[in-house]
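Structure first, commentary second.
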Amino acid sequence: MAAVPERSFIEICGFERETLPKFRDINVNLGLTAVPGGIKYPDSAGGFHYEESGRLLSVTSNRFIHWSTSGDTVQLVEQSMDTNLLNNAVRLKILQCSLLPGGVHIQETLNNVIILIVTNQTVHRLVLPHPSRMYRSELVTELQMQSIFTDVGKLNLRDPAHSHVIPAGPGQPAGPGASAAWISSEGEAHFALSSATGGILVIRLPPHDVQGTVSVLELKQSSVMQRLAGWMPTAIRGDQGPSDLPLSLAVRQLEHDTFIFALCQDHKLRMWSYRDQLCLMVADMLDYMPVSRDVRHSLGQGHKLRLSFSSSTGLCLGVYLNVPKRGQFCVFQLVATESNRYSLDHISSLYTTQETLVDFALTSTDVWALWLDDDDNQAVVKYINFEHNVAGQWNQVFVQPPPEEEINIGFDHDPRETYLETLFSPVRFSASAIVKALQIYRRGSERIFDYSWEALKKEVTVAVESELQGSVTEYEFSQEAYRQLQLDFWSKFYACCVQYQEALSTPLALHVNPATSMVCLLKKGFVSFLVPCFAVDHIYLSSDEYLSSEDETPITEDPELGRDVQQLVLCLHMLGVAVMGDMAYIMEKALEHLQSPERAAEQVLEILLASDDDIIEDIQNKLQDIRNPIGAMTALLREVDLETDGETEGEGTFAEGQPLNVRMSLSQLYGSSVAVTVVCQAVCHLAMIRTQLLRDLLILQQLYLRLGDNVFLGGGGQLLPLQQDLIPRTSLLLCSYYLLKWATQCLSAPVPLDTLDANLQHLSVLELSDSPALAPNKSVLTLQTVVELFYQNVGRKAIISQIHSQQSVLLGQAVLSWPQMVSTIITLLGQHLWPSNPGFLFPECLMGNCQYTQLQEYIRLTGTWCQVNVGSCRFVLGQCYLATGEGHKALQCFQEAATEVEKEEFLMRLTGSEDEDAAVTPRLQYYNKVLRLLEDVGLPELVIQLATMAISEATNDIRSQAALRTRIFKHHLDLGHNSQAYEALTQNPDPSRQLDCLRQLVVVLCERSQLQDLVQFPYVNLHDEVVSIIESRARAVDLMSHNYYELLYAFHINRHNYRKAGTVMFEYGMRLGREVRTRQGLQKQVNCYLAAMNCLRLIRPDYAWIVQPASGGVYERPGTSPKRNYDGEYAATPVNRQIEILELKDLEKEYILARNRLTLAQYDPSSASNTGSAPAVEMVTLLVQAGQFDAAMSLSQTFKLSLTPVFEGLTFKCIQLQYGGEASQNEAWNWLSCNQLPTVITTKESSATEEAWRLLTYYLERYPSQNAQYHRCVINTLLSHGVPLPDWLVISYKAVDTAALLRLYLNYDLLESAVELMMEYIDALLGKGYQYFGIERPLSATAPLVWIPYTSVDQLLQALNENQSNANSVTSQLKEKLREKLEEYHRLVEQATLHRLMAH
């Protein structure tokens, strides 16, 4: 599909989608007053292109300025086709002045862009920086750039350097308002104006950066020069009539002079030398056209003059002579002769039948002309090569027709929706027209603010509906009446929009850029661009007269086939006129609702056949002229088919191997919002044209079928290929172009940034986030169609890369040709959008930019007929369903896409990541990617379903099966499906993964406290692994926050393994004692030992034993790293200690010890941290200190410890109580209450001291000892603290061991008590109170032998002697008493001894 060289162009309107253009307003007030009765000049426009606008590497590449004037206002806009320019629009209002038509002249120098403006009273000069001087580096990487108008507000336009008032006088600007301006090589600004006296007024301003004076002179035909007084200009006087008043001026600087060309009212062209101030040439233009005498004697009106210079042709002049009914263009070449004489060499005369010429442009080869059609007030644009043309035939430019005056609304369509869809279509109305219509519709009641496109749509809806509601006077309406009301009000508003759109479409000028061959049509409200018309579109859009006059057809070289194609298109024209309204709606509806286009064409044909018009008969007669209709149809279909042979390129490295500046420039080429709009609207118009062409062709093919073989001039046998090949192909192409038409008009939805980020995260799971098609939207357009979105973000770079790689001359070195480039871009963009091509960038881009609704509609429109990328479409549709929360639909789409994984490029790229195992099949890789996506979205149920299905694909791949089983297990476990998770675990063929899953199952169920499920699973062949996992977890985690030991205990109990259960609980208790030094930990420890004891009691006594668990630090955990010492060497492996067997009695001891620890912690919580691992001896001491004497007694007996510490402690507490105060009494009740007394005294109130002594008495009675060592301990403690011995204690002890008591008295120097004890003891031996000393029978010959402790008595006597030496009378008395008692005892002993001897 190629553009037709020099054949035709089509206009593409770059409608803005902003309600208010971003103009900055600047007022210039020079203190003037309006000229009374001044001429009202028409609106005008023009453009300027930079010299290097055709160079890719220039900062001014594809950059231009256009302007328009109206009254006292000039609007200046700088635009670029590559980057978006900021602050690029300015509106100057020069108060009390009127802009001359074409009174804006722009020229560039090395450092500046200078804008020269001419009004009827003033001239102005704006000096702005050149774009090449605004950027320090040649590399411009921004998506947006500053315009040269950025700092225009800083200029003082009232300064004499920028503005000058034209002096009053006879040289005042004349009525036609012709003007020209230029900058000299010295930097001076010159303004040439047509003078009312018939000459040319030239105003010269000094350079803007140099102080100087303003000079004014007037050029007239004379050789005499005279200085005028004051500001009066110099004049060249002579006879001068008003007939030579300049109608059009043009300036050209050649060599060292400046030539001013003036086309005057007398139809003569005059050339002036500004340097010499001489008229160098006068040429009568009427000599080059046949005219009547009346024309020669009448003054010319509307003549125009244009110049063109090129290195090959030199300076050419284009002259338009406005003669009624026979306007003529003449092209001349300026020829220099000797002696500084010049003449015109006539090149060509071109004739036209158009009347009102608005503007024309002359290039080195062509004349471009713009007319305004007087009949329908529409623009007419044509161009012609002035040297090489066929019989002076002008080439066509197909301008955009105005919007339809009426809209056909289907009976099943809502009028409001239909009108809104038409009004806000991207290709029909500009925002300005809608805003103006809305203001009028509201009768100017409200000011229109800067609404967004969607907000404006709402405002229009509210305005029309409010007007409708305000007109209703009845409460009830039938549906038909209300629909009619809607039609009336909406058609009224629509007509208003059409009126303003037509006003804004008024053509003002043409702008042709010879460097890039880009032609712009400057209109009152917007700028449109001309792009080459493709061959088939050229034929279809051409009028019947033009088509009949063409000798050859651009789509074929065969003249016979070309003639048939022309005749076929003429038939299509006739059908296009007939198929309007309801019939067109039938075809549109069939395409929209995926109905058969062939049947819809049959239905339309039936309607045409049933109508009274003779259209079918006329078409049938025309068909008789087509000799080979099959060939003609095939040629047309071949031209419109965008299907390519292979994959469209564009995802490779961008401009690989090129320098950085070339790559950067290519990355921006045709990337501005203006270029995006123009390119995409061009594709839209192409789609609309070809949709209508194919629609009419399909109806014509149905007519061929109806007429049969009789209509084929070439004979029969052509119906079969028509029916089997051409009609299905036409139908397919029609559906494809309808899809393109929909895509180019479907608006994209704004997406929040967080949604884009979330989508990018999901795509990163698929490892597609780095795909160029999935880059998030960075466009600065506030509103885009989906095709604009695609072209901006993806398509443009891919297309430019294709063009660059296919060019024989690299773009960085060639001149950018707009017709060639834009036609190639349109073609390649169409191919990227073409649904039957293997490329999938467009749907991929929609997916990446979260355009889910639009993507679903795209897939719906292609679903019934497109057989390419079926799997890819199902995949992205699944993505859409995921985004809208329809997970089960998404899963179905993903499953359907799996069958195409190895066939489609997008799905192969999806599965072809580098980290995937090469042994895994592509379909399994695809499933893995989708599973990751579903996991990232958070749909575990769907993950389970898809993974289950994927297992069937991995029958021979154990590794993939294991991974899928693991995934199923994980998500079942996350969902709380414990049984299914266990089942998936058991089916996992990989032992290591199975073990990992088992470990996770144990941990998760423990954390959820679902222990019953965990314990009751059978764990076939996994019993030891479960135990190992729980044991390792139990030994690795905090004891108080996890209950793995209790779980393991329950696990063993459930399986009747009581010894294991006991071992677990005993180990748990041991660790609690070491690691948890709290009351709660001690309580748990006691419970653990109780449970362990219970387990052993359930076993036969022979087996009631366990192995002593090792201490916590020596367990070997799988996977732990080897330990090192401080020097970095491997630490020596600890030697295995000897195994220790614990029986039930050992457990009971540990239990009692733990229980006593708990008892102590309950009494004194602060002691819990000290008692956790204290041995029995320490615990006795701690219990005694806390007053827990019962517990201490029990613990001592259990561990066979001496009770002496207990008695010592209790005795000490009795001493403390006896000599302590009230505080100690109150405190004593706390620990006394913890000890059990055998009896309670209720007859009187007892004190704490008394209770303590009672407890001591009770213990001495309850725990007898050999030789009464506990009595001795108590007495020793009392005596050591100087406490008198209670009588009950002395009585009880002397009955057991009098000698020991005596020794105690002696040890503590209690001589009196010792003497007294000894005397009582001797008396007892002699028979007085012997029962109190434990003596069975007193001294007698028949009684058993008795004795006294002589050693102690000797020590007593010695002590008494020592005290006697101290002159102590009491001691002497005691000594005498004791001696006497001993003498009496000895005497009786002797008697008893004699009696015993005598008895034997």
Side-chain angles (χ1 to χ4, degrees), residues 9-23 45 47-50 53-54 56 58-68 75-90 131 140 142-149 400 426-427 430-432 453 504 509-513 515-523 525-531 665 667-685 744 777-785 787-793 795-797 799-800 816 818-819 821-823 825-826 829:
F9 283 77
I10 186 169
E11 178 193 7
I12 302 299
C13 301
F15 290 149
E16 84 286 353
R17 295 186 196 131
E18 296 176 348
T19 52
L20 293 178
K22 306 299 183 187
F23 281 100
F48 162 78
H49 59 272
Y50 293 94
S53 59
L56 174 68
S58 171
V59 73
T60 57
S61 168
N62 289 313
R63 194 161 167 173
F64 64 98
I65 300 172
H66 62 87
W67 53 266
S68 63
Q75 293 183 164
L76 295 157
V77 179
E78 184 184 20
Q79 286 188 336
S80 169
M81 304 302 284
D82 295 346
T83 58
N84 295 305
L85 300 178
L86 300 175
N87 306 306
N88 65 324
V90 63
V140 181
E142 295 88 353
L143 188 64
Q144 303 175 355
M145 295 171 58
Q146 292 293 340
S147 166
I148 62 170
F149 296 125
Q400 290 300 321
V427 294
S430 66
S432 301
W453 194 248
L504 292 174
L510 274 171
H511 172 59
V512 180
N513 183 353
T516 63
S517 302
M518 183 173 72
V519 181
C520 297
L521 184 55
L522 308 178
K523 298 188 175 183
F526 54 90
V527 179
S528 59
F529 299 81
L530 302 188
V531 301
S665 298
S667 69
Q668 296 173 340
L669 186 61
Y670 300 120
S672 70
S673 58
V674 176
V676 170
T677 302
V678 170
V679 169
C680 296
Q681 287 197 15
V683 176
C684 178
H685 285 292
T744 51
N777 181 16
K778 298 178 181 177
S779 171
V780 296
L781 283 178
T782 55
L783 193 72
Q784 292 180 303
T785 64
V787 171
E788 289 171 348
L789 175 69
F790 167 71
Y791 176 77
Q792 177 96 18
N793 291 279
R796 181 180 60 85
K797 289 185 179 181
I799 289 168
I800 297 300
L816 297 174
W818 166 256
M821 288 293 294
V822 76
S823 60
I825 289 173
I826 292 169
L829 179 58

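Numbering of residues begins at 1 and proceeds along the displayed sequence. Since the model is a prediction, treat every value here as computed from it, not as a measurement.
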Give me the one residue out of Q75, H511, Q79 that meets side-chain contact (heavy atoms from CB on, under 4.5 Å) with H66.
-> Q79
Under 4.5 Å between any side-chain heavy atoms of L85 and T83, yes or no?
-> yes
Close side-chain approach of I65 to Y50, heavy-atom, < 4.5 Å | yes
Supply the atom-to-atom distance L521 CG to Q400 CD, rounded to the nearest 0.5 angstrom.
-> 10.5 Å
Once you round to the nearest 0.5 Å, how far does SG of C13 lie from CZ of F526?
-> 4.5 Å
Any side-chain donor near an acceptor of the partner, T60 and S58, under 3.5 Å = yes
What distance do K797 atom NZ and Q668 atom CD have between them, rounded to the nearest 0.5 Å?
-> 9.5 Å
Salt bridge between K523 and E11, side-chain N to carboxylate O under 4.0 Å?
-> yes
So OG of S53 and CG of D82: to nearest 0.5 Å the spacing works out to 10.5 Å
Between S673 and N84, do the side chains contain an N or O donor and an N or O acceptor separated by less than 3.5 Å?
-> yes
Mind checking whether C680 and T744 have side chains closer than 4.5 Å, heavy atoms only?
-> no
L530 side chain reached by I10 side chain, heavy atoms, under 4.5 Å = no
Closest heavy-atom contact between Y670 and R796?
-> O-CD, 2.9 Å
Side chains of L504 and S432 in contact at under 4.5 Å (non-hydrogen atoms) = yes
What class does the angle between the rings of F64 and F529 fall in, given that below 30° is parallel, 30 to 60° is tilted and above 60° is perpendicular?
-> perpendicular
Does the side chain of V531 reach to within under 4.5 Å of the side chain of P819, using non-hydrogen atoms?
-> no
Determine whether the side chains of N62 and T516 contain a donor N or O and an acceptor N or O closer than 3.5 Å.
-> no
So which of V683, L829, T785 actually passes side-chain contact (heavy atoms from CB on, under 4.5 Å) with Y791?
-> L829
So do the side chains of V90 and F23 get within less than 4.5 Å of each other, counting heavy atoms only?
-> no
Distance-only polar pair, side chains of S147 and N87, donor-acceptor under 3.5 Å = no
Taking every heavy atom of A515 against every heavy atom of G54, the minimum-distance pair comes out as CB-N, 4.3 Å
Taking the side chain as every heavy atom from C-beta outward, state whether M145 and R63 have any atom pair closer than 4.5 Å.
-> yes
Non-hydrogen atoms of S80 and S61 that approach each other most closely | OG-O, 4.0 Å
Do you know which two heavy atoms are closest between V676 and Q792, and how far apart they sit?
-> CG2-OE1, 2.9 Å
S528 OG to L522 CG distance, which is reported to the nearest 0.5 Å | 8.0 Å
To the nearest 0.5 Å, how far apart are CD in Q784 and CG in L789?
-> 5.0 Å
Could you tell me which residues satisfy side-chain hydrogen bond (donor to acceptor under 3.5 Å, both in side chains) with N88, sequence neighbours excluded, listed by chain and number?
-> none
